[in-house]
Structure formats: C-alpha cells, structure tokens
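Contents: one structure, followed by commentary.
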Amino acid sequence: MALAIALWDSLDDQARDGALPVDPALCVELDRRWANHLDNPEAAVPWDEVRSQLGIG
C-alpha cells in the first residue's frame, strides 16, 4: 500500500487527472454523496462497523 501511495503522490495534477478517467454520471453521483455527507456527517457508518456487518472484521 505504501508503494501505491508513493506512486500516486509522485504524479503531478495533470497526470492524476488522466490516470483514472471518471464517467460524468459517476462524478455527479459522487458529488451528490459528498454533499449529503457534508450536510449530515453524523450519518456516516464507521469502517469497523461496516466490516463487522459484512462479516470481514
């Protein structure tokens, strides 16, 4: 994981933008979800709880 982060960090903004093209509809959905989170951050589920519900933690 450290290697992946180091590689990602080594990219400049232009390279990052082209590295993972995102479908416009997905961008809209991600923006909607982020706005929802900003409006209601207490609704977030902690990662440990998600893992437990999935039976992987």
Side-chain angles (χ1 to χ4, degrees):
M1 187 163 136
L3 176 58
I5 292 169
L7 289 171
W8 185 255
D9 287 343
S10 73
L11 299 174
D12 60 23
D13 289 341
Q14 184 178 4
R16 286 181 187 172
D17 289 345
L20 298 170
V22 180
D23 179 72
L26 179 57
C27 285
V28 170
E29 179 63 13
L30 292 171
D31 288 343
R32 183 192 68 77
R33 291 181 184 201
W34 182 245
N36 186 34
H37 170 69
L38 293 177
D39 289 342
N40 192 14
E42 62 277 354
V45 178
W47 180 235
D48 290 342
E49 186 176 329
V50 172
R51 291 175 55 110
S52 177
Q53 290 176 3
L54 293 173
I56 58 173

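Under the salt bridge (Lys or Arg N to Asp or Glu O under 4.0 Å) criterion, Arg16 pairs with Asp9, not counting sequence neighbours. Applying the side chain to side chain contact (heavy atoms under 4.5 Å, CB included) criterion to Val22, with sequence neighbours excluded, gives Leu26, Cys27. With sequence neighbours excluded, the residues forming a side chain to side chain contact (heavy atoms under 4.5 Å, CB included) with Leu54 are Val50, Ile56, listed by chain and number. Listed by chain and number, the residues in a side chain to side chain contact (heavy atoms under 4.5 Å, CB included) with Ala15 are Leu11, Asp12 (sequence neighbours excluded).
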What donor-acceptor contacts under 3.5 angstrom involve side-chain atoms of residues 35-49, with partners at least two apart or in another chain?
| residue | atom | partner | partner atom | Å |
| --- | --- | --- | --- | --- |
| Glu49 | OE2 | Gln53 | NE2 | 3.1 |

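Residue pairs meeting the ring pair (Phe, Tyr, Trp, His ring centres under 6.0 Å) criterion with at least one member in residues 4-26: none, sequence neighbours excluded.
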